[in-house]
Amino acid sequence: MSENFLEVRFNFFDFWFKPYKGSKSLNSSEKILKACIEEINHQKLHEGKAIVIDKYEGRKGKERRNHFISSAAYSHTEKRYKCRINLIRDSKLPHVLNKSNFSLTPLQNLGHNAIAETTNFYIDISQKMPIVCCEFNYDGPRITDIEYYFRQIASKNLKIATACRARVHMKMPVNDVLESISDVLKFEIKVKPNRLAFLNHQVNDAFVGNMSALANSVDPQSIKVDAFFRERGNSSTSKRNLKALSFIKRALKAIKADNNIIEDFDDFTLEFEKTDGTEDTFNLIKGKEEIVIECPTKKSGALDTKKLYELISLKFDEYLELNK
């Protein structure tokens with residue numbers, strides 16, 4: 001019988017922690033990360049419970065987004081952690097299907113059982129900065145969820161770090177765009193209206209405020225703006241569009257400071273001119289460094305996680321070697 005395969009995508013990020021001032025024993029991102037994982041494993045093995053953290057705790061109008069790490073095993077030979085983080089689905093629950101007669105049973109009738117979406121991620125600590133290879137799971141935990149989870153443990157549970165950042169690896173880093181951009185040729189922005197208020201607060205630009213006002217006037221599911229300034233290759237005019245340039249720089253600086261903003265956009269594509277006169281394209285959504293593998297599934301249809309790691313581990317090694 002032939003195997004079935006699923007396409008699995010992985011992205012990368014640096015795991016950076018800021019230690020408390022004066023800390024001598026936990027003075028690096030690697031040591032703080034290890035302490036967090038030790039606490040996760042201690043609670044599981046010795047206390048018999050998981051550390052569950054709600055990303056939206058205390059936010060009015062937000063559904064709970066509870067996460068817990070169910071596995072964090074370390075390989076001494078590879079200097080790598082193999083982890084799984086889970087998102088507990090507490091609302092909009094599906095039904096359980098009986099395949100023999102197609103009857104449906106509400107999930108809440110199954111007692112203490114619940115649905116959990118799982119994301120696999122692997123942390124390499126062989127270099128100065130921990131680097132994470134993270135599965136992209138549309139329905140499950142994402143990079144910003146992992147970042148928040150570890151930030152809470154390091155700052156609130158253990159009180160060993162004042163900050164935590166997951167610095168996403170981009171094919172063209174945001175810093176490179178900020179340092180080289182001299183003019184805006186075109187940009188495309190697509191966003192859900194309910195995220196515009198937060199985006200406006202972070203970017204602090206009249207353009208986003210006007211997008212929000214426009215969306216409020218007609219209540220669309222999403223709003224998209226295509227702004228065109230001049231054709232690529234047409235340098236007949238030397239006058240720069242300073243208003244567009246100012247907005248794009250504000251947006252890029254906000255994105256650089258907070259990964260959560262990336263998730264606010266459905267699309268952010270920028271065509272721009274550099275200071276050396278050349279032109280380039282930056283895509284926030286499709287511009288992440290990415291590895292795609294074909295992973296075999298088990299009879300149940302679930303990913304074979306052992307094979308998944310074997311396949312991605314080789315690609316991860318190659319990526320690390322290229323990015324030393």
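Taking all atoms of both residues into account, the shortest heavy-atom contact from K159 to K156 is NZ-O, 3.0 Å. Shown here for D280 and K274, the closest heavy-atom pair between the two residues is OD2-NZ, 3.3 Å. The heavy-atom pair separating I261 from A254 by the smallest distance is CD1-O, 3.2 Å. Taking every heavy atom of both residues into account, F10 and N120 meet most closely at CE2-O, 4.3 Å. The shortest non-hydrogen separation linking T162 to P19 is OG1-O, 4.2 Å. For the residue pair S222 and P193, the shortest heavy atom distance occurs at CA-CD, 3.7 Å.
Connection of F228 to L214 is not established within any shared hydrophobic cluster, with ILVMFWY side chains joined at heavy-atom distances below 4.5 Å, either directly or through further cluster members. Using a 4.5 Å cut-off between side-chain heavy atoms of Ile, Leu, Val, Met, Phe, Trp and Tyr, with links allowed through other members, L320 and I125 fall into different hydrophobic clusters. Linking Ile, Leu, Val, Met, Phe, Trp and Tyr whenever their side-chain heavy atoms come within less than 4.5 Å leaves Y122 and Y149 in two separate clusters. With hydrophobic clusters built from ILVMFWY side chains whose heavy atoms lie under 4.5 angstrom apart, I69 does not share a cluster with I131. Each of L314 and Y81 belongs to its own hydrophobic cluster when Ile, Leu, Val, Met, Phe, Trp and Tyr are linked at side-chain heavy-atom distances under 4.5 angstrom.
A 4.5 Å side-chain heavy-atom check between N241 and V184 finds every atom pair outside the cut-off. Side-chain atoms of L26 and Y20, non-hydrogen and from C-beta on, never get closer than 4.5 Å to each other. At a threshold of 4.5 Å between non-hydrogen side-chain atoms, the residues I223 and L196 count as touching. For the pair M211/L199, no side-chain contact is recorded, criterion being any heavy-atom separation below 4.5 Å from C-beta on. You'll find the side chain of I146 reaches within 4.5 Å of the side chain of F13, heavy atoms only. Contact annotation: the side chain of N11 never approaches that of C134 to less than 4.5 Å [non-hydrogen atoms, C-beta and beyond]. Looking only at side-chain heavy atoms (C-beta outward), D145 and L87 stay at 4.5 Å or farther from each other. Side-chain contact between I181 and L245 is present, with heavy atoms from C-beta onward closer than 4.5 Å.
Considering CG of N41 and NE2 of H46, their distance stands at 9.0 Å, rounded to 0.5 Å. Distance check: F68 CZ to I53 CD1 gives 12.5 Å after rounding to the nearest 0.5 Å. The line from CG of L252 to CG of L284 is 8.5 Å long, rounded to the nearest 0.5 Å. Annotation: the span from R142 atom CZ to F136 atom CZ amounts to 4.0 Å, rounded to 0.5 Å. Rounding to the nearest 0.5 Å places CD of E310 at 9.5 Å from SG of C295.
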Next on the checklist: Assess the residue pair E294 and E7 against the criterion (side-chain contact (heavy atoms from CB on, under 4.5 Å)); give the C-alpha distance rounded to whole Å, side-chain angles, the decisive distance to 0.1 Å, and a yes or no.
Outcome noted: CA-CA 5 Å; E294 297 286 334; E7 184 179 86; 3.8 Å; yes

Item to check | Verdict with supporting geometry, F207 and K243, side-chain contact (heavy atoms from CB on, under 4.5 Å) | outcome: CA-CA 10 Å; F207 184 84; K243 290 181 180 179; over 6 Å; no

Item to check | Intermediate values then yes/no, side-chain contact (heavy atoms from CB on, under 4.5 Å), F12 and I291 | outcome: CA-CA 9 Å; F12 301 88; I291 289 176; 3.3 Å; yes

Next on the checklist: Evaluate K298 against D304 for salt bridge (charged side-chain N to carboxylate O under 4.0 Å, His left out), listing each step before the verdict.
Outcome noted: CA-CA 6 Å; K298 298 178 180 179; D304 186 328; 5.4 Å; no

Checklist entry - R80 and F316: side-chain contact (heavy atoms from CB on, under 4.5 Å), yes or no, with the steps? => result CA-CA 11 Å; R80 191 171 295 168; F316 196 8; 3.7 Å; yes

Item to check | R195 and D266: CA distance, side-chain angles, deciding distance, salt bridge (charged side-chain N to carboxylate O under 4.0 Å, His left out) verdict | outcome: CA-CA 11 Å; R195 300 303 298 150; D266 292 326; over 6 Å; no

Checklist entry - Between K55 and T144, does a side chain to side chain donor-acceptor pair (under 3.5 Å) hold up when you go through it step by step? => result CA-CA 10 Å; K55 186 178 179 181; T144 52; 3.2 Å; yes

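Looking only at distances, no side-chain donor or acceptor of N86 sits under 3.5 Å from a matching main-chain atom of H67. Between the side chain of R9 and the backbone N or O of E290, no donor-acceptor pair lies under 3.5 Å. A distance-only check finds a donor-acceptor pair linking the side chain of K44 to the backbone of S70 [under 3.5 Å]. The backbone N or O of N204 lies less than 3.5 Å from a partner atom in the side chain of R250, making a donor-acceptor pair. At least one donor-acceptor pair under 3.5 Å links the side chain of T119 to the backbone N or O of P141. Proximity of a side-chain donor or acceptor of E273 to a complementary backbone N or O of D183 within less than 3.5 Å is not detected. Distance alone, capped at 3.5 Å, is enough to place a donor-acceptor pair between the N137 side chain and the T118 backbone.
Counting heavy-atom neighbours within 6.0 Å of Q221 CD, excluding the residue itself, gives a total of 12 or less. The neighbour count for H201 NE2, taken as heavy atoms of other residues, nucleotides or ligands under 6.0 Å away, does not exceed 12. Within 6.0 Å of CZ in R151 there are more than 12 heavy atoms belonging to other residues, nucleotides or ligands.
Shown here are the side-chain contact (heavy atoms from CB on, under 4.5 Å) partners of A161, two or more places apart in sequence or in another chain: F17, I32, A154. Under the salt bridge (charged side-chain N to carboxylate O under 4.0 Å, His left out) criterion, K82 pairs with no residue at all, not counting sequence neighbours. With sequence neighbours excluded, no residue forms a side-chain contact (heavy atoms from CB on, under 4.5 Å) with D219. Applying the side-chain contact (heavy atoms from CB on, under 4.5 Å) criterion to P296, with sequence neighbours excluded, gives E3, F5, K307, L311.
Between the side chains of T281 and N283, not a single donor N or O lies within less than 3.5 Å of an accepting N or O. With 3.5 Å as the limit, one finds a donor-acceptor pair spanning the side chains of H169 and Y319. Side-chain atoms of N200 and S212 include no donor-acceptor pair closer than 3.5 Å.
Between F187 and F272, the ring centre distance reaches or exceeds 6.0 Å.
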Considering only distance and modelled atom types, tabulate donor-acceptor pairs under 3.5 Å from the side chains of residues 71-78, sequence neighbours left out.
unit_1, atom_1, unit_2, atom_2, d
S75, OG, T77, OG1, 3.2
S75, OG, E78, N, 3.3
S75, OG, E78, OE1, 3.3
E78, OE1, Y309, OH, 2.7
E78, OE2, Y309, OH, 3.1
E78, OE2, S313, OG, 3.4

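Residue W16 is found in a hydrophobic cluster whose other members, listed by chain and number, are M129; membership requires side-chain heavy atoms under 4.5 Å apart, directly or through intermediates.
Residues E30 and K34 are paired through a salt bridge, judged by an N-O separation under 4.0 Å between the basic side chain and the carboxylate.
Below 30°, between 30° and 60°, or above 60°: for F15 and F150 the angle between ring planes is above 60°, a perpendicular geometry.
When each of I262, V191, I248 is checked for a side chain to side chain contact (heavy atoms under 4.5 Å, CB included) with F268, only I248 meets the rule.
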